[in-house]
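Just so it is clear, the values below take in all heavy atoms, side chains as well, and ignore hydrogens, waters and symmetry mates. Computed from a prediction, not measured in an experiment: that's the story for all the values here. Residue numbers start at 1 and run along the sequence shown.
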Amino acid sequence: MKSVLLAVNDTTQASAWQHDLHAAGWTVRDPVCSFLEARRQLVRQPPAVLVTDLRLLDGSVIELIQALCGGPWTQRVQVLVLTTTEADPLLLDALQAGADNFFMVTDAQPGALAAQVLDTLAGGAAIAPFIARRLLEHFAISGREPARRAVEDLSNPLALTAGECTLLRRLSIGERLADLAQHEGVRPRELTARVRTIYRKMQWALRAGDLRLA
């Protein structure tokens with residue numbers, strides 16, 4: 001059974017999510033609300049998924065991600081960050097630092113977090129129009145001639161494929177993943193997996209020395 005660690009400031013909300021995750025078959029440890037306690041729990045016994053607020057009482061999710069990247073982990077801990085708005089600058093920072101997915105807590109339905117945790121573990125990720133636009137800018141999709149881009153893409157494993165470029169363009173204007181999946185005749189999880197691949201390319205490119213997305 002897969003385990004989840006909740007690092008959440010709101011203890012009432014954390015208890016509700018703990019109950020929902022238990023009901024969905026997850027093993028959930030007692031929630032924590034500080035960076036230090038979350039790191040202690042991660043060192044003691046890494047969970048499969050860390051679900052965390054962007055901002056904790058004594059630190060941000062960036063510090064937790066950095067701790068995960070530098071720690072002696074025997075397994076890859078997936079990081080799902082919680083946000084009240086897709087336009088929060090720290091959300092983009094978290095995705096750049098290595099977060100795997102995010103969850104909008106506003107008006108979330110019962111069981112929605114459990115479904116997002118499952119999608120995270122399965123290799124999927126959510127996206128918002130704001131993030132899609134920043135990714136298009138980061139990869140300079142519109143700034144290169146098609147022929148030149150084709151040559152560069154063949155030699156650069158971090159370049160986006162034509163399909164990934166098209167997906168970002170459609171998401172950037174507000175189209176939803178579920179609608180795009182229906183239009184393409186594929187499961188939504190196939191598109192969330194493509195989004196996760198795009199995030200990974202961004203993260204790898206940034207670690208290789210590219211400038212951070214402003």
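Closest approach of T192 to R189, counting heavy atoms only: OG1-O, 3.0 Å. Contact record, F102 with A126: CE2-O, 3.4 Å, taken as the closest heavy-atom pair. Across all non-hydrogen atoms, the minimal contact from I62 to A97 is CD1-CB, 4.1 Å. Minimum interatomic distance between K201 and A159 (heavy atoms only, all atoms of both residues): NZ-O, 2.8 Å.
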message: I'd like to know whether V49 forms a side-chain contact (heavy atoms from CB on, under 4.5 Å) with V79, so could you lay out the CA-CA distance, the side-chain angles of the two residues, the decisive distance to 0.1 Å, and finally the verdict.
response: CA-CA 6 Å; V49 182; V79 180; over 6 Å; no
message: Run L90 and S60 through side-chain contact (heavy atoms from CB on, under 4.5 Å) and show every step you take.
response: CA-CA 9 Å; L90 191 56; S60 75; 4.3 Å; yes
message: What verdict does the salt bridge (Lys or Arg N to Asp or Glu O under 4.0 Å) test give for R76 and D100, after you've listed the backbone C-alpha separation in whole Å, the side-chain angles of each residue and the deciding distance to 0.1 Å?
response: CA-CA 11 Å; R76 172 74 165 82; D100 301 287; 2.8 Å; yes
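Using a 4.5 Å heavy-atom threshold, the side chains of L113 and D20 count as separate. Residues M202 and L206 form a side-chain contact, since some pair of their non-hydrogen atoms from C-beta on lies under 4.5 Å apart. The shortest distance between side-chain heavy atoms of V32 and D30 does not fall below 4.5 Å. Contact check for F139 versus E164: no side-chain heavy atoms found under the 4.5 Å cut-off. Side-chain contact between L50 and L68 is present, with at least one heavy-atom pair separated by less than 4.5 Å. Residues L167 and L160 form no side-chain contact, since every pair of their non-hydrogen atoms from C-beta on lies 4.5 Å or further apart. The side-chain heavy atoms of V117 and W26, taken from C-beta on, include a pair separated by under 4.5 Å.
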Name every donor-acceptor pair, under 3.5 Å, that has one atom in a side chain of residues 177-184 and the other anywhere in the protein, sequence neighbours excluded.
residue : atom : partner : partner atom : Å
D179    : OD1  : R176    : NH2          : 3.1
D179    : OD2  : R176    : NE           : 3.2
E184    : OE1  : R194    : NH1          : 3.4

Contacts under 3.5 angstrom, residues 7-18 side chains, donor-acceptor by atom type, not counting sequence neighbours:
residue : atom : partner : partner atom : Å
N9      : OD1  : L57     : N            : 3.4
N9      : ND2  : D53     : OD2          : 3.3
N9      : ND2  : R55     : O            : 2.5
D10     : OD1  : T12     : N            : 3.0
D10     : OD1  : Q13     : N            : 3.1
S15     : OG   : T11     : O            : 3.0
Q18     : NE2  : R29     : O            : 3.4

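To the nearest 0.5 Å, atoms CG (L5) and CG (L64) are separated by 9.0 Å. We find the CZ-CD1 distance between R196 and I127 to be 13.0 Å, quoted to the nearest 0.5 Å. Rounding to the nearest 0.5 Å places CG of L171 at 12.0 Å from CZ of R169. The OG1 atom of T52 lies 10.0 Å from the CZ atom of F35; values are rounded to the nearest 0.5 Å. Remark: L56 CG to S34 OG distance equals 7.5 Å, nearest 0.5 Å. To the nearest 0.5 Å, the span separating CG on L95 from CG on N101 amounts to 8.0 Å.
Look at R39 and E63 and you find no salt bridge, because none of the NZ, NE, NH1 or NH2 atoms lies under 4.0 Å from a carboxylate O.
No donor-acceptor contact under 3.5 angstrom links the side chains of Q41 and Q45, judged on distance only.
For H22, the NE2 atom counts as densely surrounded, since its 6.0 Å shell holds more than 12 non-hydrogen atoms of other residues, nucleotides or ligands.
Among T83, D93, T84, the one residue that satisfies the side-chain contact (heavy atoms from CB on, under 4.5 Å) test with L54 is T83.
Checked by atom type and distance alone, the side chain of E86 never pairs as donor or acceptor with a backbone atom of M104 at under 3.5 Å. No donor-acceptor pair under 3.5 Å is formed between the side chain of Q78 and the backbone N or O of P47.
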